[in-house]
Asker: 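Structure below; questions to follow.
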Amino acid sequence: MAKLELQNLSKSYSAKVTPLKQLSLSVEDGEFLTLLGPSGCGKSTTLRLIAGLEPPTQGEIRIGGRDVTQSLPGERNIAMVFQSYALYPHMSVYDNIASGLKLRRVASSEIRRQISEVSLFLGLENLMQRRPGQLSGGQRQRVALARALVRRPDVFLLDEPLSNLDALLREQVRAELKQIFSQQNAPIVYVTHDQTEAMTLSSRVAVLNDGLLQQLDSPRRIYSRPANRFVAGFIGTPQMNLLHLDCNRSCAMLGQYKIPLPVGARSLSEVILGIRPEHVRLVRPGDPIVIQGEVVVVENLGMSDLLTVRVEGKPEFVRTMLSPDQSWSGKSIKLSIPPEMIHWFDAQTGNRVSDATR
Amino acid sequence: MANSARSTAPRLGLWLAVGLILLLSLAPILWQLLTSLKTTADITAIPNVYFPRQLTLEHYIDIFQRQPFLRYMLNSAFVAVVSTLLCLLIGTPAAYVLARLKLPGEQIILTGVLIVTLFPYILLFLGLLELVRNFGLANNYLALIVPYTAINLPLTILVMRSFFQQLPHELEDAARVEGYSTAQMLLQILLPLTTPALVTTGILAFIAAWNEFIFALTFITRDSMKTVPVAVAQLSGTAVFEVPYGALAAATVVGTLPLVLLVLLFQRRIVQGLTAGAVKG
Amino acid sequence: MLKSPGKLNLQQQEQRTGWLLLAPALLLLLLVYVYPILRSFWLSFYSQNLGTELKPLFAGLDNYQRMAIDGRFWESLANTSFFTLVSVTLELGLGLGMALVLNQAFRGRGVVRTVALLPWALPTALIATTWTWIFNDQFGVWNDLLQRLGLIQTGVNWLGDPGWAIWTVIAADVWKTTPFIAILLLAGLQSISADFYEAHALDGASPIQSFFQITLPLLLPQIVIAALFRFAQAFGIFDLVQVMTGGGPGGATETVSIYIYATIMRYLDFGYGAALVVVTFAGLGLAVLLGAWSLSQLRRGAS
Ligand SMILES: Nc1ncnc2c1ncn2[C@@H]1O[C@H](COP(=O)(O)OP(=O)(O)OP(=O)(O)O)[C@@H](O)[C@H]1O
Ligand SMILES: [Mg+2]
């Protein structure tokens, strides 16, 4: 119905500040795309460009095949939910939700019908006459959602809509959001810097860093096959272990241990070995890659312990998550790195090296 | 013991200072009020009569009957209200633009606005006098309304701009995404939120317009069109034999009354406005 | 791409709306502030007075040459400078004291603040009549008070005495504008975090040390702003002097603005009046630039 397409979209505020560089992507109807990245990477800027709140320096925006790059925000039929919710403080909840429809001269009986439908859906029926100032944070959030939903827009934009809620409420609303938007048949672009939100809600995730698209993939693949060193380090908590290793004839050297390199990495002189802490485990007989080290810090995370281990003969640390049933004693520990869980990255470019082992 | 002595002494000093502030601020006004209620005999008694034997309203009756004082009040009110409204009407959109849109040359305009707040009116009056003559505006309220609007513009722009800057950006973004045009957004979203700031600025502009002297003295010479400050200042000059001290005092009391009321009602807002206007400097 | 050539892009549209909204204010400011100054500048090179039948005749620098040897002008400049210096200094000192008092916590503080603000809001011309009455030589309460206290034997003609007259104007001005300064400084005081004082007190500093080492330095920008603003206003003082003394006695309180007003309105000497305006403007501009420069230095030092 209204596919959203961005082509080579760039924005610079000045010669030095270029928060968005050559972004191209498309979001289908009903698809939930999340823009994920650290603070200042250009997520909000992207949304503001799509909404028409800022003109792009370069590139094109299409909605349903129509070029809207030069259209006013109001002409794009977009609904946006803001981090602060941006409810009009002087209007009642009802008027807040109705404002967009009134501007489009929808008949008032029709407005009433649509609002009662949405408010029933979101549990807002009893709050209609209140002012935003008389609502809790969660209720305000819902009103903002209602204001977006009632418009039946061509595109939904949400800028960190959960970040002003406390942790418990956030989890609950996250689940609700998932349910609400699974029923919407329009492209949804969602901005967050919280990976859990990105992973749980999205059909696809776009990881941005410094205005550049790093990877655009399903949440599963973002986690299991990070496209480069940045994505690998950014996605997943605790952070992936990233070890700088010298190569010696198709093997990477980790202390005295030799780790065979995949085909694509055999010409490199330096590689980065990535392994998630949850994949590092205590050694068992027959494990191919074993490292020995000294436990430096133990952090109890409840369901598991997070150990920081100094690798023997190397300045680097490896972190590992050990479930309670894996017990160890003393300072010295032997860990195993399962080869199939290793991510290889080119130390120079940071890009992922093809996994084919031969 | 030592502790309480240490804290009592500064406390005493504080109350003394507060008392002094109250006394010095109020004494001249109260003296004028007292004078206006005394009989002429008491006013001119030597040594001074502080507490009159008899209170009288004769001076008030005098200024309203023998002088067209009501007329002066209405003139002042008309000029001040119209120029205040005009000033808000013109200044608020300008303040919005300077707060939100990134126009080239914006910094220069702001600096200019700040600088003109420092101009004494005496520097302007010669040029304005010529304009008033050329446009035939002498003894026309426009000759006051236009300059009063202008002299209140810088403060209006600075105060309203600092107000707009405090408003969350996202509110306007939300309105624009929903389809409000710029004009609709200004009128339906921003204006209702701006009302408190408009009241504050309006009060400051009204006070300045009500108090202005040099333009009113120069551009209006017809007696029936004079504003309060000029009329009162000339009251003493018109007397041939003796200065009508009682009437002068009564006129002063009546002429300051609207402003006293404004201060009593809106002290907090006035202070906010003044500091918002000045701190941006 | 459907883009008609005449259509402005978003940014241009926004800017056009911006200029449209800004235009009335800018035009009015240009008309009332900039035009009169430029016009005076132009006129200052002309003779336009009763001698030229009020027609402007080009006169080059005549007006400025005349000013150089015009004793009355220099005297009014001296009066203005004296008035400005004394009254602004007093107002700053008293205003700071008042702000410090109003910043303390005490019962009824709101009421006291309201009362303290009152003098600032009242019309200067009316205040002038009030002070004229207070300093009246026959029936004035000031003479009466001093006599009752035994400080003077007979009444003094405060307004009619060339030595005292300027002080009556200063007293009235200080009374009226100290609240303004107090408000500005009070806002400054309120923005100084209490943490500073607590940390300083823990270091063993006395309140007086805190005042000089914390309050005064942090308040300095506000003090300079207030001083700058008051300086410009006091330098152009007109209504207070005009109503209280009219510049008299014998020119003892004649300020530059009173002289300008008389030159234009009484002597109808527009050319010379324009030159006086230009010189006053230039002098004031120079002083303000100096003040603004020192303020920017202060701000740089602070950040
Ligand atoms: N109006 C502006 N003028 C200049 N620079 C800006 C402007 N708006 C944003 N920026 C810069 O652009 C960069 C990206 O900002 P953006 O708001 O898109 O970040 P973000 O990814 O949304 O970050 P966050 O997670 O903190 O919200 C930042 O470095 C910011 O400083
Ligand atoms: Mg953001």
Side-chain angles (χ1 to χ4, degrees), chain B residues 14 17-18 21-22 25-26 28 31-32 35 43-44 46-48 90-91 93-94 96-97 101 103 116 118-124 126-128 130 147 149-150 153 157 182 207 210-211 213-214 218 229 232-233 245 248-249 252 255-256 259-260 262-264 267 270-271 274-275 278-279 281, chain C residues 14-15 17-19 21-22 24-25 28-29 31-33 35-37 39-40 98 101 104 106 112-119 121-126 129-131 133-134 139 141 144 175 183-184 187 225 229 232-233 235-236 238-239 243 257 260-261 264-265 270 273-274 277 280-281 288:
Chain B
L14 177 65
V18 169
I21 290 177
L22 284 177
S25 306
L26 283 177
W31 182 243
Q32 195 75 315
T35 304
I43 291 175
T44 54
I46 299 176
N48 283 9
I90 295 176
Y96 175 76
V97 171
L101 307 185
L103 294 184
V116 297
L118 298 175
F119 284 20
Y121 303 155
I122 188 77
L123 300 180
L124 314 175
L126 172 60
L128 292 178
E130 282 193 328
T149 306
L153 264 181
I157 290 177
T182 305
I207 292 177
W210 183 279
N211 294 357
F213 185 68
I214 187 168
T218 315
V232 174
Y245 297 116
L248 252 176
T252 306
T256 49
L259 303 186
V260 172
L262 276 183
V263 171
L264 293 186
Q267 182 260 134
I270 293 173
V271 170
L274 277 182
T275 41
V279 171
Chain C
E14 189 178 274
Q15 294 208 344
T17 320
W19 285 114
L21 292 175
L22 208 49
L28 201 57
L29 288 177
L31 180 77
V32 172
Y33 281 101
Y35 168 79
I37 301 281
R39 172 71 189 170
S40 297
M98 197 158 153
V101 171
Q104 305 296 319
F106 56 88
V112 178
R113 282 186 186 172
T114 308
V115 169
L117 180 62
L118 216 46
L122 306 184
T124 313
L126 302 190
T129 64
T130 303
W131 284 92
W133 173 229
I134 288 172
F139 316 116
V141 67
D144 191 76
W175 182 78
I183 288 170
L184 292 196
I225 290 173
F229 199 74
Q233 284 185 338
F235 204 81
F238 178 77
D239 31 14
V243 176
S257 53
I260 293 177
Y261 194 78
I264 294 166
M265 295 305 291
F270 295 96
V277 165
T280 310
F281 173 74
V288 166

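Note on naming: letters A, B, ... go to the chains in the order of the sequence lines (proteins, then strands), and numbering restarts at 1 for each one. Only this structure's heavy atoms are used, side chains among them; waters, hydrogens and symmetry mates stay out.
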Asker: Quick one: do Leu126(B) and Arg39(C) satisfy side-chain contact (heavy atoms from CB on, under 4.5 Å)? Show the steps, please.
Answerer: CA-CA 9 Å; Leu126(B) 172 60; Arg39(C) 172 71 189 170; over 6 Å; no
Asker: Quick check: do Ile214(B) and Asp239(C) have side-chain heavy atoms less than 4.5 Å from each other?
Answerer: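 Result no, sub-4.5 Å side-chain heavy-atom pair not found.
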Asker: What option among Phe106(C), Phe281(C), Trp133(C), Phe229(C) has the most heavy-atom pairs under 4.5 Å with chain B?
Answerer: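 Result: the option with the highest number of such pairs is Trp133(C).
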Asker: As an exercise: rank Leu31(C), Thr17(C), Ile183(C) by heavy-atom pairs under 4.5 Å with chain B and give me the winner.
Answerer: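 Going by pairs under 4.5 Å, I would pick Ile183(C).
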Asker: Under the side chain to side chain contact (heavy atoms under 4.5 Å, CB included) test against Leu126(C), which residue among Asn211(B), Leu248(B), Thr256(B) passes?
Answerer: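 For Leu126(C), the side chain to side chain contact (heavy atoms under 4.5 Å, CB included) check succeeds only for Thr256(B).
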Asker: Under a 4.5 Å cut-off applied to non-hydrogen side-chain atoms, are Thr124(C) and Pro229(B) in contact?
Answerer: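 Answer no - side chains too far apart.
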Asker: May I ask you to name which of Trp19(C), Phe139(C), Phe235(C) has the most heavy-atom pairs under 4.5 Å with chain B?
Answerer: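 Between Trp19(C), Phe139(C), Phe235(C), the count favours Phe139(C).
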Asker: What part of Ile207(B) lies closer than 4.5 angstrom to a heavy atom of chain C: side chain, backbone, both or neither?
Answerer: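 The side chain, not the backbone.
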Asker: Assess the residue pair Thr252(B) and Thr129(C) against the criterion (side chain to side chain donor-acceptor pair (under 3.5 Å)); give the C-alpha distance rounded to whole Å, side-chain angles, the decisive distance to 0.1 Å, and a yes or no.
Answerer: CA-CA 8 Å; Thr252(B) 306; Thr129(C) 64; 3.2 Å; yes
Asker: Do you know the tightest heavy-atom contact between Ile122(B) and Ser257(C)?
Answerer: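 For Ile122(B) versus Ser257(C), the nearest heavy atoms are CD1-O, 3.3 Å.
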Asker: For residues Leu128(B) and Pro36(C), determine if any side-chain heavy atom of one lies less than 4.5 Å from a side-chain heavy atom of the other.
Answerer: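 Result yes, sub-4.5 Å side-chain heavy-atom pair found.
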Asker: Check each atom of Leu118(B) against the heavy atoms of chain C and say whether the ones under 4.5 Å are side chain, backbone, both or neither.
Answerer: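 Its backbone and side chain both get close to chain C.
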Asker: In the structure I gave you, are the side-chain heavy atoms of Phe213(B) and Val243(C) within less than 4.5 Å of one another anywhere?
Answerer: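 Side-chain contact under 4.5 Å: yes.
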Asker: Below 4.5 Å, heavy-atom pairs only: which of Ala116(C), Gly18(C), Ser40(C) has the largest tally toward chain B?
Answerer: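 The option with the most such pairs is Gly18(C).
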Asker: What closest approach, in Å, do Ala232(C) and Pro120(B) show between heavy atoms, and which atom pair accounts for it?
Answerer: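 Taking Ala232(C) first and Pro120(B) second, the nearest heavy atoms are O-CG, 3.7 Å.
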Asker: Considering only heavy atoms and a distance below 4.5 Å, find which of Leu153(B), Leu259(B), Leu123(B), Val263(B) pairs most often with chain C.
Answerer: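 Option with the top pair count is Leu123(B).
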Asker: Below 4.5 Å from any heavy atom of chain B, which atoms of Val101(C) appear? Answer side chain, backbone, both or neither.
Answerer: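 Its backbone and side chain both get close to chain B.
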Asker: Can you check whether Thr218(B) reaches Met265(C) side chain to side chain, under 4.5 Å on heavy atoms?
Answerer: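 Yes - at least one pair of side-chain heavy atoms lies under 4.5 Å apart.
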Asker: As an exercise: rank Pro147(B), Pro28(B), Gly91(B), Ala17(B) by heavy-atom pairs under 4.5 Å with chain C and give me the winner.
Answerer: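 The candidate making the most pairs under 4.5 Å is Pro28(B).
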Asker: Checking Leu262(B) against chain C: side chain, backbone, both or neither under 4.5 Å from a heavy atom?
Answerer: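 It is neither, since no heavy atom gets under 4.5 Å.
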Asker: Between Ile37(C) and Phe119(B), does the side-chain contact (heavy atoms from CB on, under 4.5 Å) criterion hold? Intermediate values first, please.
Answerer: CA-CA 10 Å; Ile37(C) 301 281; Phe119(B) 284 20; 4.0 Å; yes
Asker: Give the minimum heavy-atom separation between Trp31(B) and Ile134(C), together with the two atoms involved.
Answerer: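 Nearest pair, atom of Trp31(B) first, then Ile134(C): CD1-CG1, 4.0 Å.
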Asker: So what's closer than 4.5 Å to chain C heavy atoms on Val97(B): side chain, backbone, both or neither?
Answerer: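 Contact with chain C is through the side chain of Val97(B) alone.
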Asker: Once rounded to the nearest 0.5 Å, what's the spacing between atom CD1 of Ile270(B) and atom CZ of Arg113(C)?
Answerer: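 Rounded to the nearest 0.5 Å, the CD1-CZ separation comes out at 14.0 Å.
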Asker: What heavy-atom pair brings Tyr33(C) and Ala150(B) nearest, and what distance separates the two atoms?
Answerer: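 Closest heavy-atom pair between Tyr33(C) and Ala150(B): CE1-O, 3.7 Å.
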Asker: If you round to the nearest 0.5 Å, how far is OG1 of Thr149(B) from CG of Leu29(C)?
Answerer: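 Those atoms lie 10.5 Å apart.
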Asker: So which residue, Val277(C), Val112(C), Thr130(C), ends up with the most heavy-atom pairs under 4.5 Å with chain B?
Answerer: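 Max contact count across the listed options: Thr130(C).
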Asker: A side-chain contact here means heavy atoms from C-beta on lying under 4.5 Å apart; do Leu124(B) and Tyr35(C) qualify?
Answerer: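 When only atoms from C-beta onward are counted, Tyr35(C) and Leu124(B) do not touch, as no gap falls below 4.5 Å.
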Asker: Run the ring-ring contact (aromatic ring centres under 6.0 Å, His included) test against Tyr261(C) and tell me which residues pass, sequence neighbours left out.
Answerer: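 For Tyr261(C) the ring-ring contact (aromatic ring centres under 6.0 Å, His included) partners, ignoring immediate neighbours, are Phe125(B), Phe238(C).
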Asker: Heavy atoms, side chains only, cut-off 4.5 Å: are Pro93(B) and Leu22(C) in contact?
Answerer: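 They are not in contact (no side-chain heavy atoms under 4.5 Å apart), so the answer is no.
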Asker: Can you name the ring-ring contact (aromatic ring centres under 6.0 Å, His included) partners of Trp131(C), sequence neighbours left out?
Answerer: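 Residues passing ring-ring contact (aromatic ring centres under 6.0 Å, His included) with Trp131(C): Phe135(C), Trp175(C).
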Asker: Do Leu101(B) and Gln15(C) make a side-chain contact, defined as non-hydrogen atoms from C-beta onward lying under 4.5 Å apart?
Answerer: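 A side-chain contact is absent here, since even the closest heavy-atom pair is not under 4.5 Å.
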Asker: Please evaluate residues Ser25(B) and Val115(C) with respect to the criterion side-chain contact (heavy atoms from CB on, under 4.5 Å), reporting the C-alpha separation (whole Å), side-chain torsions for both, the decisive distance (0.1 Å), and the verdict.
Answerer: CA-CA 7 Å; Ser25(B) 306; Val115(C) 169; 4.0 Å; yes
